[in-house]
> 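Dropping the structure in here first, questions after.
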Number of protein chains: 2
Amino acid sequence: MEKLIAKYRKEGFKLTPQRLAILKFLEGNTSHPSAMDIYSEVKDAYPTLSFATVYNTLQALRNKGEILEITINPQKTHYDPNSKPHHHIICIKCKKIGDIFKDYSKVLQLPYDVVSEFKPLGNHIDFYGICMRCRKKERRYKL
Amino acid sequence: MEKLIAKYRKEGFKLTPQRLAILKFLEGNTSHPSAMDIYSEVKDAYPTLSFATVYNTLQALRNKGEILEITINPQKTHYDPNSKPHHHIICIKCKKIGDIFKDYSKVLQLPYDVVSEFKPLGNHIDFYGICMRCRKKERRYKL
DNA sequence: CATATAGATTAGAATAATTCTAATTTAATA
DNA sequence: TATTAAATTAGAATTATTCTAATCTATATG
Ligand SMILES: [Mn+2]
Ligand SMILES: [Mn+2]
Ligand SMILES: [Zn+2]
Ligand SMILES: [Zn+2]
């Protein structure tokens, strides 16, 4: 965390208590929260926090490449404080999102007609599946 | 088209002129249009068409599995009338979307810790790249 | 430490995508 | 032709996000 703070300060990022609280909430967070999730949580610690500040901070972090937008839910953006490229698996029942740290670039050969039109730069995979909890729930139903 | 119509009628889908116009617009369309794109285009042929009907029809088609939602743009949903599973490549400059018809399932082995938590069912890949047109534009700039 | 100020925070308004509502119309069936 | 369940519609409601403009503050400087 100290390292993080030093880093942001060096980048000319003004370190306000609100931002520190948001950074603290996001650090190491693997829950892929929405803006509202972040606001609700952090407001407990900083009751004067405004929604606009959450969006402002998320935008600043996005511009710095510190967080990623996750477009799994067509209705609202989720955020991922892990900016190292990785993939996701989503439970089709409860929408739980898991991280997948594996680089598939070598095995993802594109067809010729695509390569002749696009110069590929990266990729992101959404896997779909059913999580343990939902599988257990299903089993219970069937009995 | 005739086949499509017969199919929908059989499924108890009331065939109104509005729906026929929307279906006609979507059939074979590879542009991945938004609801607004569809509304604008189809309104020319059916000026009384309402936005609600576009959304209603898209929802009905989605429930029937005839179209897919594309969540590339965090701000609005795009639709894909090609419901056969396939992947996409997006130009990071102009957001043009290309289709990729290739099944990568065999080469997408999931790490053990993931498989032990999720039972995988499918996958969708977003490739990122730069399209021909944007590459040409870039080159022009540099000269 | 006191001051200046660029940048951050805030509440609330504005915008945009999507969904809802309730009155009206219509495709399909008998 | 009459019936009716389903579809259409305009406009209101909802929700996520962005904008605005007034106020505040973290940081740099003397
Ligand atoms: Mn992640
Ligand atoms: Mn497609
Ligand atoms: Zn689940
Ligand atoms: Zn392009």
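Any value given below was found using the heavy atoms of this structure, including those in side chains, with hydrogens, waters and symmetry copies removed. Computed from a prediction, not measured in an experiment: that's the story for all the values here.
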> With sequence neighbours excluded, tell me which residues meet ring-ring contact (aromatic ring centres under 6.0 Å, His included) with F13(B).
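Here the qualifying residues are Y8(B).
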
> Quick one, L61(B) and L23(B) - any side-chain contact, counting heavy atoms below 4.5 Å?
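L61(B) vs L23(B): side chains touch.
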
> Just grab all the salt bridge (charged side-chain N to carboxylate O under 4.0 Å, His left out) pairs involving residues 68-79 of chain B, residues at least two apart or on different chains.
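Pairs touching residues 68-79 of chain B that pass the test: R62(B)-E69(B).
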
> Of all nucleotides in DNA chain C with an atom under 4.0 Å from a non-hydrogen atom of chain B, which is the first and which the last going 5' to 3'?
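Both ends considered, the range comes out as dA17(C) to dA28(C).
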
> With the sugar-phosphate defined as primed atoms, P, OP1 and OP2, and the base as all remaining atoms, what B/S/- string results for nucleotides 22-30 of chain D, 5' to 3', for protein heavy atoms under 4.0 Å?
---BBS---

> Does Y55(B) have any ring-ring contact (aromatic ring centres under 6.0 Å, His included) partners at least two apart in sequence or in another chain, and if so, which?
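With neighbours one apart ignored, the set is F51(B).
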
> Give me each pair satisfying salt bridge (charged side-chain N to carboxylate O under 4.0 Å, His left out) with a member in residues 107-130 of chain B, each pair once, sequence neighbours excluded.
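Those involving residues 107-130 of chain B are K96(A)-E117(B).
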
> Scan the side chains in residues 97-104 of chain A for donor-acceptor partners under 3.5 Å anywhere in the protein, sequence neighbours excluded, and list what turns up.
| from | atom 1 | to | atom 2 | distance (Å) |
| --- | --- | --- | --- | --- |
| D99(A) | OD1 | H32(A) | NE2 | 3.0 |
| D99(A) | OD1 | H86(A) | NE2 | 3.0 |
| D99(A) | OD1 | H88(A) | NE2 | 3.2 |
| K102(A) | NZ | Q109(B) | O | 2.9 |
| D103(A) | OD1 | S105(A) | N | 2.8 |
| D103(A) | OD1 | S105(A) | OG | 2.6 |
| D103(A) | OD2 | K106(A) | NZ | 2.7 |
| Y104(A) | OH | Q109(B) | O | 2.7 |

> Give the angle between the helix axes at the two ends of the helix from dC1(C)-dG30(D) to dA30(C)-dT1(D), taking five base pairs at each end and rounding to 10°.
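What I find for the helix from dC1(C)-dG30(D) to dA30(C)-dT1(D) is an axis angle of 30°.
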
> Quick one: on DNA chain D, does K43(B) or R19(B) contact a more 5' nucleotide (nearest heavy atom)?
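On the 5' side of the pair lies R19(B).
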
> Give me each pair satisfying salt bridge (charged side-chain N to carboxylate O under 4.0 Å, His left out) with a member in residues 32-48 of chain B, each pair once, sequence neighbours excluded.
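Every candidate salt bridge (charged side-chain N to carboxylate O under 4.0 Å, His left out) pair involving residues 32-48 of chain B fails, so no pair, neighbours aside, qualifies.
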
> Pairs in or reaching into residues 82-94 of chain A: which pass salt bridge (charged side-chain N to carboxylate O under 4.0 Å, His left out), with residues at least two apart or in two chains?
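Applying salt bridge (charged side-chain N to carboxylate O under 4.0 Å, His left out) to every pair that reaches into residues 82-94 of chain A, excluding sequence neighbours, yields K93(A)-E138(A).
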
> Is it the case that the side chain of T57(B) and the backbone of R19(B) share a donor-acceptor pair, with hydrogens and angles ignored and the cut-off at 3.5 Å?
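No.
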
> Can you list, in residue-number order, the parts of residues 60-79 of chain A that come under 4.0 Å of DNA chain D, counting heavy atoms only?
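Per residue number, the list reads Q75(A), K76(A), T77(A).
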
> Could you see if I38(B) belongs to whatever hydrophobic cluster contains I70(B)? Use Ile, Leu, Val, Met, Phe, Trp, Tyr and a side-chain cutoff under 4.5 Å.
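Different clusters: I38(B) never reaches I70(B) through Ile, Leu, Val, Met, Phe, Trp or Tyr contacts under 4.5 Å.
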
> Identify, residue by residue, the members of residues 49-57 of chain B with a heavy atom below 4.0 Å from DNA chain D, and return them in order of residue number, or none.
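Under 4.0 Å from DNA chain D: L49(B), S50(B), A52(B), T53(B), N56(B).
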
> Separation of L58(A) atom CG from dA16(D) atom P, in whole Å?
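Distance, rounded to whole Å: 14 Å.
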
> Less than 4.0 angstrom between a side-chain N/O of T48(B) and OP1 or OP2 of dT8(D), yes or no?
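So the side-chain polar atoms of T48(B) never come under 4.0 Å of the phosphate oxygens OP1 or OP2 of dT8(D).
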
> Please report the closest heavy-atom contact between A35(A) and V54(A), naming both atoms and the distance.
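Smallest heavy-atom distance, with atoms named: O-CG1, 3.8 Å.
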
> Going only through I, L, V, M, F, W and Y residues with side-chain contacts under 4.5 Å, is there a path from I125(B) to L121(B)?
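No; tracing contacts between hydrophobic side chains, which count when under 4.5 Å, never links both residues.
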
> Would you say that I90(B) contacts F127(B) through its side chain, given a criterion of any heavy-atom pair below 4.5 Å between the two side chains?
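No, every pair of side-chain atoms sits at 4.5 Å or beyond.
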
> Is there a side-chain contact between K7(A) and E66(A), using heavy atoms and a 4.5 Å cut-off?
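With C-beta onward as the side chain, the pair touches.
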
> I'd like to know if the side chain of T71(B) reaches the main chain of T71(A), judged simply by a donor and an acceptor atom lying under 3.5 Å from each other, with no hydrogens or angles considered.
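The answer is yes, because a donor-acceptor pair under 3.5 Å joins these two groups.
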
